[in-house]
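In what follows, a single structure is set out as structure tokens and then discussed.
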Amino acid sequence: MIYKFLKYPFFGKFMVEWKNPIPENELSDWEPVSIKSKSKGLIKGLFANSKTKEQRATIVLGHPMGKEAKGFFIKRGYTELLRNNGFNTLIFDINGFGESTHGNFSYFEDIVAIGKKAKQITQDIPIGYFGISLGGQWATIAFADKTHPYQFAIVESSATTLDEFWIKFPFAYKTLKFLNILMPEYAKKIKMIERIKEAKNLNSLLLIYSKDDTWVPFEMGERFLKNSPVKTELWPVENAKHAEIMKSKHKDEYKNKIISFLTAES
């Protein structure tokens, strides 16, 4: 597949066979789900109900770039945190990662598709989104789609444009510039900092950024805040590695912020 070949300069070392991190005694909590995306990929995920009697909302979780794919959220305790506080969780693999089949570069279509699947599973409660890095930046485009079901969202450590992120990686950056020349209209379509202006359906947005993130500067969060057309808060963390706030010394206040935001909005 041509798209699989074109993705290698960007994601080659991360597109590997997925290893399930769920302990055997907890596998029964998780229901496999799948849905075909307009990206042409078959998007695969896992759904689990909250561990409380009350189901406040269903939260779809979009993973950062990495071999763990959707397993990122299990290994770092996000799903446990959410389920213990009354939220159903749906983790999924962006096309080409984990268990999802390859599609094109329209990863935002995967986010729209899995949101619709979440709505099918839990029809009568709100649907929220929480995306980190890769899963956050493409969500800012998904939110411009009038058919997406998300009512509130957290976007963490998201780059404002692909060029600004990939410039640190010369081979990938040259490939990106070539693709931009080849598909100029598509390049405009996926410019995150501009597409956020078209966000629809969302009632609120929480932006989370680390002030010493060397890959995605805090200033990117400030730019998203300026361009967002919905009620938006930018919440800073003083020091944490990119996409690893859950492992930082700020993890307790971070957890509290996530739960307080989601609880208020659901």
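Side-chain contact between L81 and F87: absent, with no pair of heavy atoms (C-beta onward) separated by less than 4.5 Å. Counting heavy atoms from C-beta on, the side chains of L234 and F224 never come closer than 4.5 Å. Using a 4.5 Å heavy-atom cutoff, the side chains of N20 and E99 are not in contact. Using a 4.5 Å cut-off on side-chain heavy atoms (C-beta onward), T175 and W166 make no contact. No side-chain heavy atom of H63 sits under 4.5 Å from any side-chain heavy atom of I91. With a 4.5 Å cut-off on side-chain heavy atoms, L82 and I259 count as touching. In this structure, M220 and M192 have side chains that are not in contact, with every pair of non-hydrogen atoms separated by 4.5 Å or more. In this structure, I141 and Y107 have side chains that are not in contact, with every pair of non-hydrogen atoms separated by 4.5 Å or more.
For the atom pair CD (E185) and CE (M183), the distance works out to 11.5 Å, reported to the nearest 0.5 Å. To the nearest 0.5 angstrom, S158 atom OG is 11.5 Å from I132 atom CD1. Taking CG of L90 as the start and OG1 of T122 as the end, the distance is 8.0 Å to the nearest 0.5 Å. One distance of note links OG1 of T101 with CD1 of I43; it measures 6.5 Å at 0.5 Å rounding. With rounding to the nearest 0.5 angstrom, the CZ atom of F72 is 16.0 Å from the NZ atom of K67. Atom-to-atom distance recorded for E253:CD and I245:CD1 is 9.5 Å, nearest 0.5 angstrom.
Here the shortest heavy-atom pairing between K44 and S34 reads CG-CB, 4.1 Å. Considering all non-hydrogen atoms of both residues, L225 and L207 come closest at N-CD1, 3.6 Å. In terms of heavy atoms, A139 sits closest to Y129 at CB-CE2, 3.4 Å. Heavy-atom minimum distance, R195 versus K188: CD-O, 4.3 Å. Closest heavy-atom contact between Y209 and V155: CE1-O, 4.5 Å. For T58 against A118, the heavy-atom pair with the smallest separation is CG2-CB, 4.1 Å.
Although no hydrogens or angles enter the test, the distance criterion places no donor-acceptor pair under 3.5 Å between the side chain of E233 and the main chain of L206. Under the 3.5 Å distance criterion, the side-chain polar atoms of K249 are left unmatched by any main-chain donor or acceptor of N239. Of the possible donor and acceptor atoms, none in the side chain of D213 sits under 3.5 Å from a partner among the backbone N and O of F218. Although no hydrogens or angles enter the test, the distance criterion places no donor-acceptor pair under 3.5 Å between the side chain of N227 and the main chain of E194. Proximity of a side-chain donor or acceptor of Y150 to a complementary backbone N or O of V60 within less than 3.5 Å is not detected. For the pair T160 (side chain) and I193 (backbone), a donor-acceptor distance under 3.5 Å is absent. Side chain of S100 to backbone of D93: a donor-acceptor contact under 3.5 angstrom is found. Judged by distance alone, with hydrogens and angles left aside, the side-chain atoms of S210 form a donor-acceptor pair with the main-chain N or O of A240 at under 3.5 Å. At distances below 3.5 Å, at least one donor-acceptor pair connects side-chain atoms of N95 with backbone N or O atoms of G103. Proximity of a side-chain donor or acceptor of R83 to a complementary backbone N or O of T89 within less than 3.5 Å is not detected.
Both M15 and L134 sit in one connected hydrophobic cluster of ILVMFWY residues. Membership requires side-chain heavy atoms under 4.5 Å apart, directly or through other members. Transitive grouping of hydrophobic side chains (ILVMFWY, heavy atoms separated by less than 4.5 Å) keeps F92 and L42 in distinct clusters. The cluster map of Ile, Leu, Val, Met, Phe, Trp and Tyr, joined by side-chain heavy atoms under 4.5 Å apart, puts I196 and V216 in the same cluster. V112 and L61 sit in two unconnected hydrophobic clusters of ILVMFWY residues. Membership requires side-chain heavy atoms under 4.5 Å apart, directly or through other members. The hydrophobic cluster containing I190 also contains L182, counting ILVMFWY residues as joined when their side-chain heavy atoms lie under 4.5 angstrom apart, directly or transitively.
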Quick one, L46 with T79, criterion side chain to side chain contact (heavy atoms under 4.5 Å, CB included). Give me CA distance, side-chain angles, the key distance, then yes/no. CA-CA 11 Å; L46 292 167; T79 54; over 6 Å; no
Dump the intermediate steps for side chain to side chain contact (heavy atoms under 4.5 Å, CB included) on E238 and H250, then the final yes or no. CA-CA 8 Å; E238 286 301 320; H250 305 288; 3.9 Å; yes
Test side chain to side chain contact (heavy atoms under 4.5 Å, CB included) on R56 and L262 and set out the steps. CA-CA 9 Å; R56 297 179 184 275; L262 295 177; over 6 Å; no
Is there a side chain to side chain contact (heavy atoms under 4.5 Å, CB included) between F261 and W235 once you walk through the steps? CA-CA 11 Å; F261 172 79; W235 192 72; over 6 Å; no
Determine, step by step, whether E222 and K226 satisfy the salt bridge (charged side-chain N to carboxylate O under 4.0 Å, His left out) criterion, reporting the C-alpha distance in whole Å, the side-chain angles of both residues, the deciding distance to 0.1 Å, and the verdict. CA-CA 6 Å; E222 294 176 319; K226 182 179 179 181; over 6 Å; no
Determine, stepwise, if the pair T161 / D163 fulfils side-chain hydrogen bond (donor to acceptor under 3.5 Å, both in side chains). CA-CA 5 Å; T161 68; D163 294 75; 4.8 Å; no
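Counting heavy atoms of neighbouring residues, nucleotides and ligands inside a 6.0 Å radius, atom CZ of F178 does not exceed 12 of them. The environment of NZ in K36 is crowded: more than 12 heavy-atom neighbours from other residues, nucleotides or ligands sit within 6.0 Å. Remark: F171 CZ is loosely packed, at most 12 non-hydrogen atoms of other residues, nucleotides or ligands lying under 6.0 Å away. Taking a 6.0 Å sphere around NZ of K189, one finds it holds 12 or fewer heavy atoms contributed by other residues, nucleotides or ligands. Annotation for K75: atom NZ does not count as buried by contact number, only 12 or fewer foreign heavy atoms lying within 6.0 Å. Annotation: K251, atom NZ; neighbour count of heavy atoms from other residues, nucleotides and ligands within 6.0 Å does not exceed 12.
Using a cut-off of 4.0 Å between Lys/Arg side-chain N and Asp/Glu carboxylate O, E80 and K255 are scored as not salt-bridged. The pair E109-K40 does not count as a salt bridge, with every side-chain nitrogen at least 4.0 angstrom from each carboxylate oxygen.
N203 and E265 share no donor-acceptor pair across their side chains, judged by distance under 3.5 Å alone. Checked by atom type, the side-chain pair K116/T147 shows a donor-acceptor distance below 3.5 Å.
Checked against a 6.0 Å centroid threshold, the rings of F130 and Y78 count as neighbours. Between F10 and F14, the distance separating the two ring centers is not shorter than 6.0 angstrom. Aromatic rings from H148 and F143 are positioned such that their centres are separated by under 6.0 Å.
Annotation: cation-pi geometry not satisfied between K168 and W215 (NZ/CZ under 6.0 angstrom from ring centroid, within 45° of ring axis).
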